[in-house]
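Everything below concerns the one structure shown next.
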Amino acid sequence: MTIDIRRAVVLGSGTMGSQIAAVVALAGYTTALVDIRQEQLDHARAELTKRLDRDVEKGRRERADVDAAWERLTLTTDRDAVAANADLVIEAAVEDLTIKRSIFAELDAVCPPDALLVTNSSNIVSSRVADATERPGKVCNLHFFNPALVMACVEVVPHEGTDPETVEAAVAFVESLGKTPVKLKKEVPGFLANRLLNALRREAVDLYEDGVADFKDIDLAAKTALGHPMGPFELMDLVGIDVVYLIRLAEYEQTGDPASLPAPSITQKYEAGDFGRKTGRGWYEYPAE
Ligand code: 3HC
């Protein structure tokens, strides 16, 4: 049986959720972007408008396509109203297992019984939320990368009980977005790309904390010797140091291995509220435009 996806809901209008919703609306789906805070939705609308208008100016998208995507995209705080008609819900809320489990249980109660419920979590594997629902076979991870409007990869990660039709539909959905699905055969926290990235980041932070080099020079090595588009410190500022910190804590909670805990310099920036681009300061400074 093929699963027909027409209406999608994205939960959480932070950096990831808002760009994922834009990608989905641009691909032709009737899309709702949901948040509990109206101010966050207003911010998401302003940021997306800026991004998409710039894409039009630069000739990367057609004005008509962007206008049509806005027609298809609703920003709302009324989750249950849009979830009641959804074929697919993408959860992009905070990396907190308790919150995610209650979201999945609530979605299960309001969404149509055939709807797929997926999480964009990079670290919390879907088996940990699937059993909060009565439809574990329709649950998997669909992991986008930051900035979601630009990055091609989306990891498709089933848990042991995910139905093969769900995986098939998820892969077809990712392809329909013009993205590249990368399939995992089994769950592992961090999936593929983040595990590769974590290895690099861990080494970069160790080198910095050991006083071997300035973080700017470590970034320079990654860019000029390895051809990476951004160094590991620039990337932390893009992804958000709060996100990096919470991912490490979520991993520690799953592994119990002290090596999973955030490094002292990351904890210090997290506690100071220096989250990177979004707060104007992280490893680097980002003066307001
Ligand atoms: N949102 C949307 N589009 C963006 C963007 C953003 N935050 N930043 C850049 N872009 C787009 C814009 O179209 C921009 O063109 P413009 O300046 O004319 O508008 C274009 O990318 C080029 O940007 P820049 O000239 O500023 O810089 P780059 O050429 O270096 O490209 C980049 C930016 C695409 C972000 C590139 O540096 C890159 O690929 N960096 C690595 C990103 C990466 O590794 N992402 C994965 C992070 S891990 C993750 O997401 C996992 C999660 O679980 C934490």
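Atoms within each ligand, like the ligands themselves, are counted from 1 in listed order.
By the criterion of a heavy-atom distance under 4.0 Å, the side chain of M151, and not its backbone, is placed next to ligand 1. Neither the backbone nor the side chain of N123 has any atom closer than 4.0 Å to an atom of ligand 1 (non-hydrogen atoms only).
In this structure, the side chains of S121 and H143 stay at 4.5 Å or more apart for every pair of heavy atoms. A heavy-atom distance below 4.5 Å is not found between the side chains of S18 and E47. Considering only heavy atoms from C-beta on, L142 stays 4.5 Å or farther from N120 through its side chain.
Of the listed residues (R54, E47, R51, Q19), the one carrying the non-hydrogen atom nearest atom 17 (O) of ligand 1 is R54. Of the listed options L149, L197, N146, L197 places a heavy atom closest to atom 48 (S) of ligand 1.
Scanning the protein for heavy atoms near atom 21 (O) of ligand 1, the closest one is V150 CG2, 4.2 Å. Among protein heavy atoms, the minimum distance from atom 15 (O) of ligand 1 is reached at R60 NH1, 3.2 Å. Considering only non-hydrogen protein atoms, atom 36 (C) of ligand 1 sits nearest to P229 CB, 3.9 Å. Among all protein heavy atoms, the one lying closest to atom 51 (C) of ligand 1 is N194 OD1, 3.3 Å. Atom 54 (C) of ligand 1 has V239 CG1, 3.4 Å as its closest protein atom, hydrogens excluded (heavy atom only).
Taking the six-membered ring where tryptophan is involved, the planes of F215 and Y284 are perpendicular, since the angle between them exceeds 60° and thus also 30°.
A donor-acceptor contact under 3.5 angstrom links the side chains of Y29 and S176, judged on distance only.
Proximity of atom 32 (C) of ligand 1 to the protein is not indicated, since no non-hydrogen protein atom lies closer than 4.0 angstrom. Distance check for atom 29 (O) of ligand 1: every protein heavy atom is found at 4.0 Å or beyond. Proximity of atom 40 (N) of ligand 1 to the protein is indicated by at least one non-hydrogen atom lying closer than 4.0 angstrom. When distances from atom 45 (N) of ligand 1 to the protein are checked, a heavy atom turns up under 4.0 Å.
Nearest heavy-atom pair, Q254 versus P189, reported as atom, atom and distance to 0.1 Å: OE1-CG, 3.8 Å. Of all heavy-atom pairs spanning S260 and E251, the tightest one is OG-OE2, 3.0 Å.
Taking the ring centroids of Y245 and F275, they lie at or beyond the 6.0 Å cut-off.
Contact between H143 and ligand 1 is present, with at least one heavy atom of the residue lying under 4.0 Å from the ligand. A heavy-atom separation below 4.0 Å is not found between H228 and ligand 1.
Using a 4.0 Å cut-off between charged side-chain N and carboxylate O, R63 and D53 make a salt bridge.
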